[in-house]
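Computed from a predicted structure; not experimentally measured.
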Amino acid sequence: MKPTLSDHVRLVKDRMNEGRDVLTGLSNISTYQLEDTKPDMEQVTLSPPLPDDKFYVATDERDLEALKEISEAGAIFFSDLITIDDRRAFGWPLMITDVRAIVEQGVLMHSAYFYGHALSSLAGMIMNMRGARGADPRTVLLDY
């Protein structure tokens, strides 16, 4: 989306700051116009992220230098969340990208705010899942 990784990371951080502003001002929850969807009131009962809080990034990036730069900007990844106990309990399936993708979808579906790219099928699916659980449409931003 941006010509350099540094520019892209800066864009993501800007969007996350915008998301925090949305969450801070969120009081009257609305939902997507889906039948039988009830607002997820957790969106107003939990405190919004703080400015220096880490943010979760779902990425298929494998370049170690790029991952380091993203991490140093405040990102955490799937591998940062998985404990040794998780690895013992679930074993090799946690290393399979399809299994990891399902876990990541759950994380993104329940996140306070979601930012993604409109051309990503994952972003579209997460938006649909968030809508079905009653997330406020203002808690999602898809860029083009």
Side-chain angles (χ1 to χ4, degrees), residues 1-2 5-63 66-144:
M1 289 174 33
K2 289 291 181 183
L5 180 59
S6 297
D7 290 339
H8 185 70
V9 169
R10 197 169 14 265
L11 171 70
V12 170
K13 289 194 70 161
D14 288 346
R15 295 299 194 250
M16 298 309 288
N17 286 331
E18 291 171 21
R20 186 176 21 272
D21 292 344
V22 166
L23 294 169
T24 299
L26 204 60
S27 59
N28 185 17
I29 301 295
S30 62
T31 63
Y32 291 88
Q33 294 182 353
L34 300 171
E35 189 174 331
D36 298 326
T37 301
K38 295 181 178 29
D40 178 0
M41 297 312 290
E42 189 174 83
Q43 297 169 103
V44 291
T45 58
L46 295 176
S47 299
L50 298 172
D52 291 329
D53 280 352
K54 300 243 179 220
F55 55 94
Y56 186 77
V57 172
T59 182
D60 55 6
E61 179 63 65
R62 297 294 174 249
D63 180 270
L67 291 170
K68 181 180 177 192
E69 183 174 343
I70 297 167
S71 177
E72 288 173 351
I76 57 172
F77 305 105
F78 182 84
S79 59
D80 298 320
L81 300 177
I82 301 303
T83 67
I84 191 67
D85 290 335
D86 296 328
R87 293 178 194 276
R88 286 183 186 127
F90 299 104
W92 282 106
L94 282 180
M95 303 308 291
I96 300 171
T97 55
D98 290 348
V99 173
R100 291 175 66 144
I102 292 169
V103 174
E104 283 192 313
Q105 289 168 23
V107 170
L108 299 171
M109 177 178 73
H110 289 281
S111 64
Y113 184 79
F114 175 75
Y115 168 65
H117 196 278
L119 296 179
S120 165
S121 59
L122 173 66
M125 183 170 48
I126 297 303
M127 187 172 159
N128 290 338
M129 293 165 75
R130 290 174 65 84
R133 81 160 176 74
D136 191 297
R138 295 169 289 182
T139 65
V140 171
L141 175 61
L142 297 182
D143 265 342
Y144 292 92

Do [X] and [Y] come within less than 4.5 Å of each other through their side chains, counting heavy atoms only?
| X | Y | result |
| --- | --- | --- |
| Asp14 | Tyr115 | no |
| Phe114 | Thr139 | no |
| Val9 | Val12 | no |

Under 3.5 Å, side-chain donor or acceptor atoms of residues 103-113 against the rest of the protein: list the pairs with distances, not counting sequence neighbours.
unit_1: Glu104; atom_1: OE2; unit_2: Tyr56; atom_2: OH; d: 2.6
unit_1: Ser111; atom_1: OG; unit_2: Leu108; atom_2: O; d: 2.9
unit_1: Ser111; atom_1: OG; unit_2: Tyr113; atom_2: O; d: 3.0
unit_1: Ser111; atom_1: OG; unit_2: Arg130; atom_2: NH1; d: 3.1

When rounded to the nearest 0.5 angstrom, what is the spacing between [atom1] in [X] and [atom2] in [Y]?
| X | Y | atom1 | atom2 | result |
| --- | --- | --- | --- | --- |
| Leu5 | Arg10 | CG | CZ | 10.0 Å |
| Ile70 | Ser6 | CD1 | OG | 10.0 Å |
| Asp60 | Arg100 | CG | CZ | 11.0 Å |
| Leu26 | Gln43 | CG | CD | 6.0 Å |

Legend entry - Residues that Asp53 engages under side chain to side chain contact (heavy atoms under 4.5 Å, CB included), provided they are two or more places apart: Pro49, Leu50
Inset, instruction - Please list, chain by chain and in numerical order, all residues satisfying side chain to side chain contact (heavy atoms under 4.5 Å, CB included) with Glu18, sequence neighbours excluded. - result: Arg15, Leu141
Legend entry - Asp85: partners by salt bridge (Lys or Arg N to Asp or Glu O under 4.0 Å), with sequence neighbours left out: Arg88
Inset, instruction - Output all residues satisfying salt bridge (Lys or Arg N to Asp or Glu O under 4.0 Å) with Arg133, sequence neighbours left out; order by chain, then residue number. - result: Asp40
Legend entry - More than 12 heavy atoms from other groups under 6.0 Å of CG on Asp63: yes
Legend entry - Steps toward side-chain contact (heavy atoms from CB on, under 4.5 Å) verdict (Leu67, Thr59): CA-CA 9 Å; Leu67 291 170; Thr59 182; 4.2 Å; yes
Legend entry - Nearest heavy atoms of Ala75 and Val57, plus distance in Å: CB-CG2, 3.5 Å
Legend entry - Exercise: identify the closest heavy-atom pair between Ser71 and Phe77: CB-CE1, 3.9 Å
Legend entry - Side-chain H-bond candidate by donor/acceptor type, Asp21 with Thr24, under 3.5 Å: no
Legend entry - Listed once per pair and sorted, the side chain to side chain donor-acceptor pair (under 3.5 Å) pairs that draw on residues 25-39, sequence neighbours left out: Ser30-Asp136
